[in-house]
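It should be emphasised that the depicted structure is a prediction, and the values quoted were computed from it without experimental measurement.
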Amino acid sequence: MKQARDSAWAPLAARVFRALWIAQLVSNTGSWMQTVGAQWLLVGHDAALVTLVQTASSLPVVLLALPSGVLADRHDRRKVLLAAQFAMLAVSAALTVLAFRGALSPGLLLGLTFLLGCGTALMGPAWQAIQPDLVEREQLGQAAALGAVNMNLARAVGPALGGAVVAAAGAGWVFAFNALSYLGISGVLLLWRRPAGHEPAARGEGLFAAVQAGRRYVWHAPGVRRVLLRTVLFIPGGAALWSLLPLVASRSLGLGSGGYGLLLGVVGAGAVGGAFALPVIRRRLGANGTLAAGAAVFAVTLVVLATTRLPWLAVAALLPAGPAWIGVLSTLNAAVQQRLPGWVRGRGLAIYLVVFQGGQALTAPVWGALADALGLTVSLLTGAGLLVAGALSVRRWPLHSVDGLDPSPSDHWPVPPLVFEPGPADGPVLVSVTYRVARENWGAFSDRMRQVARSRRRTGALTWGLYQDGADPDRFVENYLVASWSEHLAQHHSRLTANDRRFEERARALLVAGTAPEVTHAFDATAGSVAVAGEHGAGHRARGSTRPSGRPA
């Protein structure tokens, strides 16, 4: 039973995941057919214009991924996905009509491709964020690999099919198929009902504040930052293959649209075949070894493409590129998902997509300009050099281990017993926690509080500090500032994780025996009238009051 659960294909046992996976395969096939049609319509122009197809597809992610991540965290992710599918269906239909009428200029083609990219940007964070709703957390790695298999299986079929259709009937028909392909995902989503307990977070947070909360979480999460660094070190060199392959097919190998589709299909077929070996590779090499090996294999592929004029040798070089690509992408994708708690998953994944897609969008025109200025050979060899450097850097900057990592929510702070009821927007709120620490534990306590500091900042603290009382050195005071009362309540009830609780417990284990932290919550006294205590101790709601809670936060 355990072997079946650990299988690369185990997530397909989940009914909704399986239905969406099949529908996504059809949609991805249509997308690759549309990409081939769009790129081939521009092959007669200069190299920079051809590579702009990839930029037009990827740049919207850079511009819209963060707002899309906020939507994914604050609204029903199923509805967000449906809106994206219907929007892309409309744009694809317009593209089809214009292509059949012969009215599709390069500028219009790139503009509509950009709009399709906007739909992808809207869909990306929500699509990634629903994965834990579809499969068990232990299977997120397999689910990410199956997502990459899906894309590469589509790459194995779509480009070859698209090239054949373009050669036989014209680009309009590939655009038409792509438009129809969005109906499958839409149908599955319309029938799916998310499990209870997976409702979006509170929606009172403004767009800017929500984006800032996501940025703040990622900045103070070393494990997530390291995933982003590994992405930055791989994508620019990896993007050289996808950006320049149309030019390699037409200029170096003398192939037509069908031949270009075949080259893309070889990469996809290799990736699908490599998926069977990927669990074994990961067990032997680990996540970091998989990243290094994938970058090295991709570098060899670029070197061969830069130096050969033989189609069969190019095919042989592209075959291992598929497993390398799927190995790197599934490793990075699983790594970032495993490290993000539910409340910020959409925004965290959006930042990852910005780095991933943005790297491709920004480097694609660079590769095109370099190919125009210095030639394909120099461009491809430069990409290979970047990939080799990235592979060697794994030893210096590896992914952090996820052993013992638990991002599940932990509502372990009690509600502060204030004598008045603050409003959601009241703030900023200064939280002070006083600890008593014996002399022999001073150093260890300060060290352990560094992890607590990152926890506070990830979950909402704008500033943080730890101070030792000059008159009573055993007394340590932790101060952190939160923007509003609603932000602090979000820390209490939805943002803290089991990891955060463990960091607090490790630090508090060093307190003087029999003592407990003392917590106070202070409100900005200059922002409005202070709370006035009533006859029975209850105060009016106000912005300026300091009250001890008497209990740890």
For Phe86, all residues meeting ring pair (Phe, Tyr, Trp, His ring centres under 6.0 Å), sequence neighbours excluded | none
With a cut-off of 3.5 Å and sequence neighbours excluded, list every side-chain donor-acceptor pair involving residues 106-120.
| residue | atom | partner | partner atom | Å |
| --- | --- | --- | --- | --- |
| Thr113 | OG1 | Leu109 | O | 2.7 |
| Thr120 | OG1 | Leu116 | O | 3.2 |

Taking the side chain from Thr231 and the backbone from Phe356, do they hold a donor-acceptor pair closer than 3.5 Å?
-> no
When the ring planes of Trp242 and Trp325 are compared, do they come out parallel, tilted or perpendicular, using 30° and 60° as the limits?
-> perpendicular
Are Leu353 and Pro125 side-chain neighbours, meaning at least one heavy-atom pair lies under 4.5 Å?
-> yes
Do Leu253 and Val248 touch side chain to side chain, with heavy atoms closer than 4.5 Å?
-> yes
About how many Å separate CG of Leu376 and CG of Leu247, when rounded to the nearest 0.5 Å?
-> 5.5 Å
Validation row: Met33, Thr29 side chains within 4.5 angstrom (heavy atoms) = yes
Side chains of Leu255 and Ser250: does their closest heavy-atom pair fall under 4.5 Å?
-> no
Would you please test Leu191 and Val16 for side chain to side chain contact (heavy atoms under 4.5 Å, CB included) and show each step?
-> CA-CA 9 Å; Leu191 295 174; Val16 178; over 6 Å; no
So OG of Ser31 and OH of Tyr182: to nearest 0.5 Å the spacing works out to 4.5 Å
Rounded to the nearest 0.5 Å, how far does OG1 of Thr290 lie from CD1 of Ile326?
-> 12.0 Å
Of Asp76, Ile185, Ile130, Leu20, the one forming a side chain to side chain contact (heavy atoms under 4.5 Å, CB included) with Leu81 is Ile130
Which pair of non-hydrogen atoms, one from Val218 and one from Gly348, has the smallest distance, and what is that distance?
-> CG2-CA, 4.2 Å
Examine distances only and state if a side-chain atom of Arg77 and a backbone atom of Ala72 form a donor-acceptor pair shorter than 3.5 Å.
-> yes
Please check if any side-chain donor atom of Ser393 sits under 3.5 Å from a side-chain acceptor atom of Arg230, or the reverse.
-> yes
Would you sort out whether Phe175 and Ser92 count as a side chain to side chain contact (heavy atoms under 4.5 Å, CB included), showing the intermediate values?
-> CA-CA 6 Å; Phe175 299 151; Ser92 295; over 6 Å; no
Show your working on side chain to side chain contact (heavy atoms under 4.5 Å, CB included) between Leu228 and Tyr352 and close with a plain yes or no.
-> CA-CA 6 Å; Leu228 298 180; Tyr352 165 72; 4.0 Å; yes
Side-chain (Arg18) to main-chain (Leu12) donor-acceptor, under 3.5 angstrom | yes
Distance, nearest 0.5 Å, that separates CG of Leu318 from CZ of Phe298 | 8.5 Å
So CG of Leu245 and CG of Leu305: to nearest 0.5 Å the spacing works out to 6.5 Å
Does any N or O in the side chain of Asp73 come within less than 3.5 Å of the main-chain N or O of Arg347, such that one atom is a donor and the other an acceptor?
-> yes
Keeping the roles fixed (side chain from Trp367, backbone from Pro236), state whether a donor-acceptor pair exists under 3.5 Å.
-> yes
Taking all non-hydrogen atoms of both residues, which atom of Gly172 and which atom of Ala99 are closest, and how far apart?
-> CA-CB, 3.7 Å
Evaluate the side-chain proximity of Val224 to Leu340: yes if any heavy-atom separation is below 4.5 Å, no if none is.
-> yes
Side-chain donor or acceptor of Asn178 paired with backbone N/O of Gln34 under 3.5 Å = no
Which pair of heavy atoms, one from Ala295 and one from Val328, lies closest together, and at what distance?
-> N-CG2, 4.3 Å
Heavy-atom side-chain contact between Leu285 and Ile281 under 4.5 Å | yes
Does Leu399 reach the side chain of Val227, with side-chain heavy atoms less than 4.5 Å apart?
-> yes
Look only at the side chain of Arg458 and the backbone of His220, and say whether a donor-acceptor pair between them is shorter than 3.5 Å.
-> yes
Arg495 side-chain N/O to Ala490 backbone N/O, donor-acceptor pair under 3.5 Å | no
Verify side chain to side chain contact (heavy atoms under 4.5 Å, CB included) between Leu374 and Thr382, making sure each step is shown before the conclusion.
-> CA-CA 11 Å; Leu374 301 177; Thr382 301; over 6 Å; no
Could you give the distance from CD1 (Ile235) to CG (Leu387), rounded to the nearest 0.5 Å?
-> 9.5 Å
Are the side chain of Thr308 and the backbone N or O of Val304 linked by a donor-acceptor pair below 3.5 Å?
-> no
What one should report as the nearest heavy-atom pair of Leu122 and Ala83 is CD2-C, 4.5 Å
Heavy-atom pair with the smallest gap, counting every atom of Pro67 and Leu64 | CD-O, 3.3 Å
Under 3.5 Å, is there a donor-acceptor pair between the side chain of Ser27 and the main chain of Gln24?
-> no
Within-4.5 Å side-chain heavy-atom neighbours: Gln85 and Met123 = yes
At their closest point, which heavy atom of Ala179 faces which heavy atom of Ala93, and how far apart are they?
-> CB-N, 4.0 Å
